[in-house]
Every structure is written in C-alpha cells, then in structure tokens.
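The structure under discussion appears below in the form of structure tokens.
Labels below follow one simple rule: chain letters A, B, ... track the order of the sequence lines, proteins then strands, and each chain is numbered from 1.
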Protein chains: 2
Amino acid sequence: MARTAAPGTRERILDVAGALFYTEGVRAVGMSRIIGEVGCGKNLLYAHFPSKTDLVAAYLGRFRERRDRAEAQALREAGDDPGERLVALVAEIAGRLRRPDFRGCPFRNLLTEFPAGDELPERMAREYLAQTCELVGRLAGATGVPDPEGLADRIWLIIDGLYASGFRERAAEVAPDMVREAIAAARDPRAPAV
Amino acid sequence: MARTAAPGTRERILDVAGALFYTEGVRAVGMSRIIGEVGCGKNLLYAHFPSKTDLVAAYLGRFRERRDRAEAQALREAGDDPGERLVALVAEIAGRLRRPDFRGCPFRNLLTEFPAGDELPERMAREYLAQTCELVGRLAGATGVPDPEGLADRIWLIIDGLYASGFRERAAEVAPDMVREAIAAARDPRAPAV
DNA sequence: GTCTATAAGGGGATAGAC
DNA sequence: GTCTATCCCCTTATAGAC
C-alpha cells in the first residue's frame, strides 16, 4: 500500500513468523508474539498480512519455493537414471535432517495441528504432499521395475519416516541406502525372503 | 468425590476426550467441548481431572497401556527369533494403519503440537518413543548381524514412516517386507549395492 | 503518508466458586 | 449446573510520532 514503504519489511516479518511457526508450532505462536519479536507495529503486520491465515499461507509458500528449488537441483545433478534420481531425492531430504533447526516437515506438521481444517494453508499442505507423492510414483514407474507401485510405496514410506524422525538423525545415513536396496530388490524380485 | 460415584464415569470422560484429542488435536479441543459431549457437569470432570494437563496425561496413559498390550501379544506370538519379532512388531503397527480412525501416533502428534513443552504429557510421549526405540535396538542387537545399529536405524525409520504416513495406507503392506529385506541385507552385507 | 503505540471489541480458553 | 473470574486469542480502531 505504502508508496515508499520500507523495503524488506514483508520478508522480515516472514523470517520471524516462519521461524516461530516452524519451531514452536502455528497454534502455539500468536500474532502478538510475532509483532513483539519483529518489533513493528500491529498495523504494519496486518497491512502486509490481513489475517493469521494469510501469514501462515505465506510461510508455507516460501517453504515450498525453497523445497522445490532444492529438489529440482538435486534431480538435475542426479542425471537421467530414474533410480539415481530417487536416491538423490531421498538424500536431499535426508540432508535436511542434519540441520540443527530441523523439526520435521512443515506441511505434515500443519496437518497434524489442523487435521480437519480446509483453509488455504491446509490445502497447500495437502497439495504439496500429493504432488511429491506423485513425483515418487512417476520416478518409480520410470525405473521399469515389475512392480512400480510397490517400489513407490517403499520410497514414500522412507520419506515419511525421514520427516517424522525427530529421534534418530542417523536415519539420514541409512535412508539413501534403503532406497538403493529397495530398487535392487524390485529389479530382482526373487532375492529377498528372509 | 461423590461417595458412590457413578461407576465408569471416568472411563466415559476418557472415551470422549481421547477420541476428540486424537482425531482433532489436543490444542483444538477445549474443556468446554469435552464437557458438552460427555454431557456431564463441569464439576464432575474437574473432580476426576483437576486440569486439562491431567486429562491429556490420562489419555496418553491409556493409549500406552493398550499399545503395550498389543505389542506384547505380537511379540509373544512371533516366537523367539529376533528377526521374526522385529517383523511382528512392525506388522502390528502396520495393522493400525488400516483402521478407519487411524490418525498417526498420539505421542508423536502431541510432540508436534507441543514441541517445547516439558509437562507430564510431553515427558510421557518422549519416554514412550525412547523406550520403543530402545526395544528396536535390543531386538536388532539380538539378531546377531554385523551392524545392529544400522539395522535398528532402518527399522526405526520404517516405524516412523508408518506413523507419519497419512497418505498411503499401502505402506502397511510393504513395511513388514521392508523389515525382512533389511534383516536379510544386514546378514549378508555384500549383496546390496545397486 | 508511514509507522508505532495503545486501547478496545468479541470470542473462547482454563479454572474456580457457589 | 450456572455463574464468574481471569487470561489470551485475533482483529480493528484510534491517536500520536516522524
């Protein structure tokens, strides 16, 4: 609105709000808390984000943009082999586990906080999960294994486990190997059977 | 407090509160809502549970009792082989996924809602996760594979994935196989490498 | 005109009292 | 059971500072 509004204000608000939402939860962080930590007036925040829902949606949107960029880069560097692309996808996610500020997947976390909600943030979260799940399915299909559905289920389970694992960050080390093994087993269905 | 309190009142409160907490989230459900759905007076509820924290702790406690019983039974039926016991443990968890009212792990969900909390419910949740993780480690160690730590990490990742997967319930079908494969691969470390 | 500071509205939370 | 106390939530409105 402002003709010469202070640049970067919106980003600064999103920085603070995003960090709080992610580490403490959306429900746990009130608008007053954000205003206090940003150090701005209440009006300024509501000028940029008319409601808390808008602010949460912007928080998820920014998370998604960064996620998509990192994912695209990982897939680009992995080359053309669908199996290697699956490994790279999981390895990229596993890399996030090692960051000290990692606290799971913001989309899954939001749906845990608002399981019945159907506003923009919840829809964004469900859309993200559906699209990522679909990507896994496409990559699994491209490997040419006899049972691509089963392979996709396994990879998705590993990804879910990575995001849920607040306890063992060593999961980051085994996850890519598990993907390789799942692909190998899918290519040679006779082998397993303990 | 009543001399001859109606029997089952406490259980009825826990039934209602537990279902609401589990399906809608602890933060999303207020005491007034619970009182309304139970149909009792406010005094009666606060007589049994002096605070919401107590009620949440009781909700988790009952969940844990049932979990422990089901887990013990699954392990009993699995026999003595540590590998089979790991498979049975995961299969028992996978079975929960198929229930229509499944909405993840109540302990993990609580920690997502209260990541920084340190009251009784949060401690109960962390204790449950730590003990289950420890059980997996013991069973993995008992298999006698060269790298029990790595095996335990894999199994724990699968369990985490099962609880997080709100999307693909087909995960329930592949998870036990993944456990078998992980054990087989751990017993013969040369095989994998796609 | 841009932003801050403060107050207040309307609702619902937990909890206590009678 | 109802009624009240206290608090915090999101949001809007008002008033003042630069």
Side-chain angles (χ1 to χ4, degrees), chain A residues 1-60 109-110 113-122, chain B residues 1-6 9-10 12-14 16-60 109-110 113-122:
Chain A
M1 290 304 166
R3 232 183 3 190
T4 317
T9 298
R10 189 189 152 92
E11 290 304 306
R12 202 160 45 89
I13 293 172
L14 266 180
D15 283 342
V16 172
L20 289 173
F21 285 155
Y22 182 61
T23 62
E24 303 190 20
V26 170
R27 282 198 128 108
V29 175
M31 295 295 268
S32 56
R33 169 89 182 279
I34 296 168
I35 287 156
E37 302 231 353
V38 171
C40 70
K42 198 170 275 203
N43 276 351
L44 186 57
L45 187 147
Y46 276 100
H48 284 281
F49 304 97
S51 77
K52 185 176 181 179
T53 301
D54 295 284
L55 182 56
V56 174
Y59 148 68
L60 289 183
N109 289 351
L110 185 102
E113 287 197 272
F114 301 88
D118 193 34
E119 292 197 87
L120 183 54
E122 294 91 320
Chain B
M1 281 315 158
R3 236 182 359 190
T4 315
T9 298
R10 188 189 154 93
R12 202 158 46 88
I13 293 172
L14 267 181
V16 172
L20 289 173
F21 286 155
Y22 182 61
T23 62
E24 303 189 20
V26 171
R27 280 198 126 108
V29 175
M31 295 295 269
S32 55
R33 169 89 182 279
I34 295 168
I35 289 160
E37 303 230 352
V38 171
C40 70
K42 188 178 279 200
N43 273 354
L44 190 54
L45 188 146
Y46 277 101
H48 283 281
F49 305 97
S51 76
K52 184 176 180 178
T53 300
D54 296 285
L55 182 55
V56 174
Y59 147 68
L60 289 183
N109 289 350
L110 185 102
E113 288 196 271
F114 302 87
D118 194 32
E119 293 196 87
L120 182 54
E122 296 91 321

To the nearest angstrom, how far is [X] atom [atom1] from [N] atom [atom2]?
X        : N      : atom1 : atom2 : result
A:Ile35  : C:dC3  : CD1   : P     : 15 Å
A:His48  : D:dT12 : NE2   : C1'   : 18 Å
B:Phe21  : C:dA13 : CZ    : P     : 12 Å
B:Glu119 : C:dT14 : CD    : P     : 13 Å
B:Lys52  : C:dG16 : NZ    : P     : 15 Å
A:Leu45  : C:dT2  : CG    : P     : 17 Å
B:Met31  : D:dC7  : CE    : P     : 19 Å
A:Arg27  : C:dG12 : CZ    : C1'   : 12 Å

When you measure from the side chain of [X], which nucleotide among [options] comes out closest?
X       : options               : answer
A:Leu44 : C:dA5, D:dT12, C:dC3  : C:dC3
B:Tyr46 : C:dT14, C:dT4, D:dT12 : C:dT14
B:Lys42 : D:dA15, C:dA8, C:dA15 : C:dA15
B:Ser32 : C:dG16, C:dA13, C:dA7 : C:dA13

Do B:Leu14 and B:Leu55 have side chains that approach each other closer than 4.5 Å (heavy atoms only, starting at C-beta)? yes
Determine whether B:Val26 and B:Leu20 make a side-chain contact, defined as any pair of heavy atoms from C-beta on separated by less than 4.5 Å. no
Rounded to the nearest 0.5 Å, what's the gap from CD on B:Glu122 to CG on B:Leu60? Could you check? 9.0 Å
Taking atom types as they are modelled, is there a donor-acceptor pair under 3.5 Å from the base of C:dT6 to the side chain of A:Asn43? no
So, for A:Ala57 and A:Pro121, which heavy atoms are closest and what is the spacing to 0.1 Å? N-CG, 4.1 Å
